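By convention in this document, chain letters (A, B, ...) are assigned in the order of the sequence lines, proteins followed by strands, and residues within each chain are numbered from 1. Small disclaimer: the values here were computed from a predicted structure and weren't measured.
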Protein chains: 2
Amino acid sequence: MGPKLLSNADQAQMGRRERKRVQTVQHLAECAWNLFEQIGYEQVTMEAIANAADVARGTLYKHFPAKEALIAYRFRQDQIKHQAIVQNAALAAPNIFDAFMRVLRMEAAYAERNRDYIAPYVFYRLSNAQENANPFENDSFAPLALALIRQGQVDGVISAEQDAQSLAEKLIFLRLGTMLRWLRKPETVLADMYTEMLHFFFHGAEGGKRKIP
Amino acid sequence: MGPKLLSNADQAQMGRRERKRVQTVQHLAECAWNLFEQIGYEQVTMEAIANAADVARGTLYKHFPAKEALIAYRFRQDQIKHQAIVQNAALAAPNIFDAFMRVLRMEAAYAERNRDYIAPYVFYRLSNAQENANPFENDSFAPLALALIRQGQVDGVISAEQDAQSLAEKLIFLRLGTMLRWLRKPETVLADMYTEMLHFFFHGAEGGKRKIP
DNA sequence: TAGATAATTGAACAATGTATAATCATGTAC
DNA sequence: GTACATGATTATACATTGTTCAATTATCTA
């Protein structure tokens, strides 16, 4: 249901108006990103972006209701681009734990490369959580996590008594906490923290050790 | 180390300047809260609060750098007020799980009573997470959770291999996710969701069932 | 009492985000 | 192809947030 990468065929079918809209959006995103990289995200104002793209400020706001939306667009595009690779990596894994591990490793690598943008992105998505059903519904991670959890339940590695959707949401918030801790501590490595997080996700605080009943 | 409820003796020792500061802060918070209750949090502007309290806008901003800070102040005061009761309830519990349960039940009751303010409060605390070590460090829940987790480790109910601080943070973000889901779904009961969350916190997605080794 | 320190005020400022009327480009129906 | 509806763009104004600054007032300290 989400937006997809547009083939040339799709573009031809769209009509000039829609085609121009997409073009404008891409142009705005590009100009914004250039500015972000040049002078730093925080320093860039919406006015500056509009000027760089040579449109009125109102036009910019029409397509991107906030500066963070420009990051979200970028990230979304990248997610769509990498979706197939990530899914295949997950499918090729020998078990659910490794599948998650591979997905999270790729995500960690991406996050390390885009560190400066993670915080504004996350808070933006979170603040708009009231509207969407799930704050990270558009995120490509959520549906993948859900699928893997369901598979885990089939395999018997994950308790079938717990609602898969609910488990997915818990994982998403564990991931959020992990990301924020990583952002706060410059010396940490996100992929390592994800490993610890995954262990906790599967075994909980009890840690897989059973108390004598 | 955090702010404490002020006894009269404390106030006498403070000096007029500090005494007036506290007085102003309380006055501002009161005026703001009255407005929030009268016309709804979203509708109230900082200017309106300043006018109601009969101070310059700059003065209001000096004490409360954002509208959300007025909620945070309120909540903090209430937390301090209830701290002893909550702690005693936790101490009186027969085990760690029940201790958490009692604490979270009280918190749930409080949240249900203050539903309208939870979302802005949470996002505000979260956005200021870069500064503080932990986004909910000033929260009275964090240190209590940490203490209970350490106790759980002593009792052998919680794996001693995992860092208590790290576990506490995980619980805090599970709690965050739970709160946001509760906010999104008006039909849900927060206390019930906390129960499920706690079960997950202890046993993980595996759910306490061991796979055949 | 004198001088340092902190709080308050009023004003201006930069930026965000919303709203509106006028204008221009595109789509659709005839 | 013309006519009309619809969507996008522009310029502008507006309310609000949050910051800054110089001038003033109140408190503290020596």
Side-chain angles (χ1 to χ4, degrees), chain A residues 10-32 35-36 39-73 119-121 123-128 130-131, chain B residues 10-29 31-32 35-36 39-73 119-121 123-125 127-128 130-131:
Chain A
D10 287 335
Q11 287 194 18
Q13 282 186 346
M14 277 191 310
R16 202 198 314 272
R17 187 172 280 173
E18 183 64 8
R19 216 148 50 224
K20 280 208 168 182
R21 213 204 86 254
V22 172
Q23 199 180 318
T24 307
V25 166
Q26 282 179 346
H27 179 231
L28 289 170
E30 264 176 47
C31 292
L35 283 178
F36 294 164
I39 60 177
Y41 176 74
E42 296 295 344
Q43 307 309 317
V44 178
T45 68
M46 288 296 264
E47 180 126 46
I49 297 169
N51 287 339
D54 194 30
V55 298
R57 211 160 54 92
T59 305
L60 173 55
Y61 271 103
K62 168 127 204 170
H63 296 290
F64 297 99
K67 204 170 59 158
E68 295 84 19
L70 286 151
I71 304 181
Y73 177 81
Y121 172 72
F123 293 130
Y124 179 63
R125 294 299 299 272
L126 217 49
S127 316
N128 296 2
Q130 291 108 334
E131 313 162 10
Chain B
D10 287 336
Q11 286 194 21
Q13 283 187 345
M14 275 192 311
R16 201 198 313 273
R17 187 175 280 171
E18 183 63 9
R19 218 149 48 224
K20 280 209 169 182
R21 214 205 85 252
V22 171
Q23 198 181 316
T24 307
V25 166
Q26 281 180 345
H27 179 228
L28 289 170
C31 292
L35 283 178
F36 293 164
I39 60 178
Y41 176 75
E42 295 296 343
Q43 306 310 316
V44 179
T45 68
M46 288 297 265
E47 180 127 45
I49 297 169
N51 287 339
D54 193 30
V55 297
R57 211 160 51 91
T59 305
L60 173 55
Y61 270 104
K62 168 126 205 174
H63 296 290
F64 297 99
K67 202 170 56 159
E68 294 84 19
L70 285 151
I71 304 181
Y73 177 80
Y121 171 72
F123 293 131
Y124 178 64
R125 295 299 299 271
S127 315
N128 295 3
Q130 291 110 335
E131 312 162 11

Asker: Rounded to whole angstroms, how far apart are CZ on B/Arg21 and C1' on C/dT5?
Answerer: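 Distance, rounded to whole Å: 15 Å.
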Asker: Working to the nearest 0.5 Å, report the span between CG of A/Leu126 and OH of A/Tyr121.
Answerer: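 The OH atom of A/Tyr121 is 11.0 Å from CG of A/Leu126, to the nearest 0.5 Å.
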Asker: Taking the side chain as everything from C-beta on, heavy atoms only, tell me whether B/Leu28 gets closer than 4.5 Å to B/Phe64.
Answerer: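 B/Leu28 vs B/Phe64: side chains touch.
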Asker: Nearest 0.5 Å, what's the NZ-OG1 distance between B/Lys62 and B/Thr24?
Answerer: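 One finds 11.5 Å between NZ of B/Lys62 and OG1 of B/Thr24.
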Asker: Measure from the side chain of A/Arg17, starting at C-beta and using heavy atoms only, and say which of C/dT26, C/dA12, C/dG10 lies closest.
Answerer: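 Looking only at side-chain atoms, A/Arg17 lies closest to C/dT26.
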Asker: Identify whether any heavy atom of B/Arg57 sits under 4.0 Å from a base atom; if not, whether one sits that close to sugar-phosphate; answer base, sugar-phosphate or nothing.
Answerer: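 Here B/Arg57 touches the bases of the nucleic acid.
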Asker: B/Phe36: what forms a ring-ring contact (aromatic ring centres under 6.0 Å, His included) with it, not counting sequence neighbours?
Answerer: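 Residues passing ring-ring contact (aromatic ring centres under 6.0 Å, His included) with B/Phe36: B/Trp33, B/Tyr41.
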Asker: What's the CD-P distance between B/Glu47 and C/dG10, to the nearest Å?
Answerer: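 My rounded result for the distance is 12 Å.
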Asker: Could you list the donor-acceptor pairs under 3.5 angstrom formed by side chains in residues 42-58 of chain B, with sequence neighbours left out?
Answerer:
residue : atom : partner : partner atom : Å
B/Thr45 : OG1  : B/Ala48 : N            : 3.1
B/Asn51 : ND2  : B/Glu47 : O            : 3.4

Asker: Could you list by number each residue of residues 59-71 of chain B showing a heavy-atom separation from DNA chain C of less than 4.0 Å, or answer none if no residue does?
Answerer: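 Going residue by residue through residues 59-71 of chain B, the ones with a heavy atom under 4.0 Å of DNA chain C turn out to be B/Thr59, B/Lys62, B/His63.
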Asker: Pick the nucleotide of DNA chain C nearest each of A/Glu18 and B/Lys20; which residue has the one closer to the 5' end?
Answerer: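 It is B/Lys20, whose closest nucleotide lies nearer the 5' terminus.
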Asker: If the condition is side-chain contact (heavy atoms from CB on, under 4.5 Å), which residues does B/Arg16 pass it with, not counting sequence neighbours?
Answerer: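 Here the qualifying residues are B/Arg19, B/Lys20.
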Asker: Calculate, to the nearest 0.5 Å, the distance between atoms OH and CD belonging to A/Tyr73 and A/Gln26 respectively.
Answerer: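 Interatomic distance, A/Tyr73 OH to A/Gln26 CD, rounded to 0.5 Å: 4.5 Å.
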Asker: Please tell me which of B/Arg16 and B/Gly58 maps to the more 5' nucleotide of DNA chain D, matching each residue to the nucleotide holding its nearest heavy atom.
Answerer: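 Its nearest nucleotide being more 5', the pick is B/Gly58.
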Asker: Reading DNA chain D from 5' to 3', where do the contacts with chain A start and stop? Cut-off is 4.0 Å to heavy atoms.
Answerer: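 Taking any atom under 4.0 Å from a heavy atom of chain A, the span is D/dT6 to D/dA13.
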Asker: With sequence neighbours excluded, what pairs up with B/Glu18 under the side-chain hydrogen bond (donor to acceptor under 3.5 Å, both in side chains) test?
Answerer: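 B/Glu18: side-chain hydrogen bond (donor to acceptor under 3.5 Å, both in side chains) contacts with B/Arg21.
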Asker: When the distance from CD of B/Gln23 to C1' of C/dT8 is rounded to whole Å, what number comes out?
Answerer: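 Roughly 15 Å, once rounded to whole Å.
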